[in-house]
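A short write-up of the structure that comes next.
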Amino acid sequence: MASRPRATRPHGHHRDENQPQTEATARNTGKRISPGRVGLNMCPVKGLGLRAARRPGRGLGAASSPRGPRPGAPIPATCSCTRFIYYRGQPTRISSKRPRRSRIQRCHVRAPGWAHERQMGSSGEEGLQAQLSQLDQDAELTENVDADRPPVVLLEGLPLEGDKQSPSTGQGPFFYIGGTNGASIISSYCESKGWQRTQDNRREDYKLKWCEIKCKESYINFREGQQLLFQLPNNKLLTTKIGLLSALREHARIVNKSIKTPPGTQAKILKMDEFFPETYRLDIREERQVFFTLFDETQIWICKPTASNQGKGIFLIRTQEEAATLQAKTQSIEDDPLYRKTPFRVPQARVVQRYIQNPLLLEGKKFDVRSYLLVACAMPYMVFFGHGYARLTLSLYDPHSSDLSGHLTNQFMQKKSPLYVMLKEDTVWSMDRLNCYINDKFRKTKGLPRDWVFTTFTKRMQQIMAHCFLAVKSKLECKLGYFDLIGCDFLIDENFKVWLLEMNSNPALHTNCEVLKEVIPGVVMETLDLALETFQKSLRNQKMLPLLSQHRFVLLHNGEGDLWPRLGSSRTFPRRPQAPRSACEGAPSTPPAPRAADRPGARRPAPLRGAPGRPLSSPRRPRPPGPSSSSSPGREPAALDAERPQTGCRDSAPEPSPGPPEEEREEEQRRSSHRGS
Ligand SMILES: Nc1ncnc2c1ncn2[C@@H]1O[C@H](COP(=O)(O)OP(=O)(O)OP(=O)(O)O)[C@@H](O)[C@H]1O
Ligand SMILES: [Mg+2]
Ligand SMILES: [Mg+2]
């Protein structure tokens, strides 16, 4: 439920957008820093395995036997917290090649039957990458499903845990792809594992289903612990404009209520108005009145439908006249008896958002940055950040222009231009190119740290994503086998302040530009790798870390510590019994200072140390409920997430759902279904 608008604004935004971003910056080492070198990472806290009691009831097969890690295997941290780590070391660029594996892989517990453990990072995969880059870009391939092909007897082809090959055909495992977004990459990935594509959406014995559009049946028939299903069923909490706005407001409300910052100290919690442009819902009468009252012609606003994408339905509001027209239209929709009788026909709810008029420009053009929030596993949550790319407009930015294509950086908007075919390579920049450009043009004049993109900016995006995830964490429907890749759009203003514009379900996975060919296949394959590896580990009650398949993604949240025995329902995230918060959970923590010793790159295995008095090889045991469960002596307050105070709310009394209101009906979801934005 959205907080009621006050006489002022629903959330106190800084009007002054000219504040330079005052993020902590990495030390200027003179070295190039790469994607993933700055990370929110897991805290090195005593492992607290809890999964034994919360396994799904079906398909557990081998998982039901109590298995501990191999003696001598490292015990990773398992508290559900995050922290900022500054990495230094060799760059790990986004490229089509996987970095070489580190030695840690060799001592990792292997689970037989899991293709990715052998194949990830292998030359086979590099071959696949090369093959993918040959694939036609936007046009997704029709699948090479060869029904008569004998089952491939490879390690890669072995069924997932608890799965049997189809008794009727002796084939499988099967995967289903709904829609075309990224289909060729997903399909190649699965086929490289010996899986077979099915075109039958109703088939229930699939192993992996990746659909653009969420369909109820998929979730009703989903076999938890046996299947992988792309998209969290209620990801709209993050991926609609109203959903995200409501979630952030609600989170802010709860945090404000529960966190008492001692006078004189600075709260470490992100404030919504520091990263999210001031926004109002037009579907709530009081709220739109606030907006229309405060509107004046000194500021531009952008009006967006809640659940659309690709810039559809977006327009700018600059004049009193335009505001009045919008006001009248919104009111008439509400008053229209036709809509009262047929509410499903009501046009999509909208928001108005303060338009960032002073964006940072690249060669005079506006741009935004697409990054990824990966929920590789929902039980426990394993959430990652991934770099994407920058999207530029074709034309030079002119704040006064009425041509939307200079204001909206979406590829979809740019594609409308006849110049697009010729200039499309200019509309997508790699993060490396962005970093070089900013180093060259702004480092000195703006006093930025070297590699601002891979240090301050990356850290800020991670912080914001972690914040958003925590805002909805307790409300997301999670089952073992759900996974999701969410596209997050960030805008940088000329003061290097970072704004989150929105989050997208089903992000575009097209590869119609060279940079996209470099970035997208890697993102999709690592998404699948991580989903498979975390799924398997969860099923087998193994520690999550180290993750063999983690290369470019950076761990934002490790939910192993969140899990408390799944007694009964598997529909929602299990909540721990209400218990006094431990000292380490009770207060916001300071992000730790940069640690030079931290390894570079996304892959960062947990420290090889056990909790005091606990051998490294000891199997993980469920913790007993009660206060002590969250205050084990081995925990390190310093390792807590800066966003952690939310945990105080997680277990608290019922919270109003931040989800979109009833206005956001399934109908809207369907209307807004898309090929990825
Ligand atoms: N508050 C804002 N200030 C300045 N520019 C904005 C703002 N909000 C959106 N934009 C511009 O408009 C574009 C489209 O907005 P947004 O991403 O919110 O809509 P969308 O229809 O969901 O697009 P998509 O899902 O394809 O990214 C953004 O990529 C950005 O260039
Ligand atoms: Mg969008
Ligand atoms: Mg967008």
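What you see is a predicted model; the values in this text were computed from it and never measured. Counting convention: from 1, in listed order, for ligands and their atoms alike. The first residue of the sequence shown is numbered 1, and numbering continues consecutively from there.
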At a 4.0 Å threshold, what atoms of ligand 1 neighbour a non-hydrogen atom of [X]?
| X | value |
| --- | --- |
| D489 | 17 (O), 27 (O) |
| D368 | 28 (C), 29 (O) |
| Q310 | 20 (P), 21 (O), 23 (O), 24 (P), 25 (O), 26 (O) |
| R391 | 27 (O), 29 (O) |
| T409 | 28 (C), 29 (O), 30 (C), 31 (O) |

Exercise for the section: Would you check if the distance from the ring center of H387 to the ring center of F553 is below 6.0 Å? Expected result: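 Not close enough - the centres of the two rings lie 6.0 Å or further apart.
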Problem - Test of ring centre spacing under 6.0 Å for Y219 and Y482 - result: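 Yes: the rings meet the under 6.0 Å criterion.
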What part of [X] sits under 4.0 Å from ligand 1 if we count only heavy atoms: the side chain, the backbone, both or neither?
| X | value |
| --- | --- |
| R354 | backbone |
| I356 | both |
| I302 | side chain |
| N504 | side chain |
| H407 | backbone |
| S308 | backbone |
| N309 | both |

Do me a favour and list the nearest non-hydrogen protein atom to [atom] with residue, atom name and distance?
| atom | result |
| --- | --- |
| atom 18 (O) of ligand 1 | K304 NZ, 2.7 Å |
| atom 23 (O) of ligand 1 | N410 ND2, 2.7 Å |
| atom 16 (P) of ligand 1 | E502 OE2, 3.6 Å |
| atom 21 (O) of ligand 1 | G311 N, 2.7 Å |
| atom 7 (C) of ligand 1 | L501 CD2, 3.7 Å |
| atom 12 (O) of ligand 1 | L408 CG, 3.5 Å |
| atom 22 (O) of ligand 1 | K241 NZ, 2.7 Å |
| atom 5 (N) of ligand 1 | K366 NZ, 2.8 Å |

Practice task
Provide the atom name of the closest N, O or S atom of E502 relative to the Mg ion (ligand 3).
Solution key: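 This turns out to be OE2.
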Practice task
Of all N, O or S atoms in D489, identify the one at the shortest distance from the Mg ion (ligand 3).
Solution key: OD2
Handout entry: Residue selection (non-hydrogen contact nearest atom 19 (O) of ligand 1) among I314, I300, T306, T279
Key = I314
At a 4.0 Å cut-off, with the gap strictly under it, does some heavy atom of [X] reach an atom of ligand 1?
| X | answer |
| --- | --- |
| Y355 | yes |
| Q411 | no |
| Q357 | no |

Residue pair [X] / [Y]: nearest heavy atoms and the distance that separates them:
| X | Y | answer |
| --- | --- | --- |
| A508 | I520 | O-CD1, 4.0 Å |
| D296 | Q320 | CA-NE2, 4.0 Å |
| R460 | F275 | NH2-CB, 4.4 Å |

Practice task
Give the ring-plane orientation class for H557 versus F469, where under 30° counts as parallel, over 60° as perpendicular and anything between as tilted.
Solution key: tilted
Practice task
Kindly assign one of parallel, tilted or perpendicular to the pair W301 and Y280, based on the angle between their ring planes and the thresholds 30° and 60°.
Solution key: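 Answer is tilted, since the angle falls between 30° and 60°.
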Can you check whether [Y]'s main-chain N or O pairs, donor with acceptor, with [X]'s side chain at less than 3.5 Å?
| X | Y | answer |
| --- | --- | --- |
| D489 | R370 | no |
| S187 | S184 | no |
| K366 | S405 | no |
| E526 | R552 | yes |

Handout entry: Heavy atoms of other groups near K365 NZ, more than 12 under 6.0 Å
Key = yes
Practice task
Taking both backbone and side-chain atoms into account, decide whether N504 has an N/O/S atom under 2.8 Å from the Mg ion (ligand 2).
Solution key: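 Coordinating: yes.
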Completion exercise
Checking F175, Y176, F483 against F230 for ring pair (Phe, Tyr, Trp, His ring centres under 6.0 Å), the one that qualifies is F483
Handout entry: NZ/NE/NH1/NH2 to OD/OE distance under 4.0 Å, R318 and E297
Key =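 The answer is no: the pair does not qualify as a salt bridge.
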Practice task
Taking the side chain as every heavy atom from C-beta outward, state whether L448 and F496 have any atom pair closer than 4.5 Å.
Solution key: yes
Handout entry: Side-chain H-bond candidate by donor/acceptor type, T427 with Q411, under 3.5 Å
Key = yes
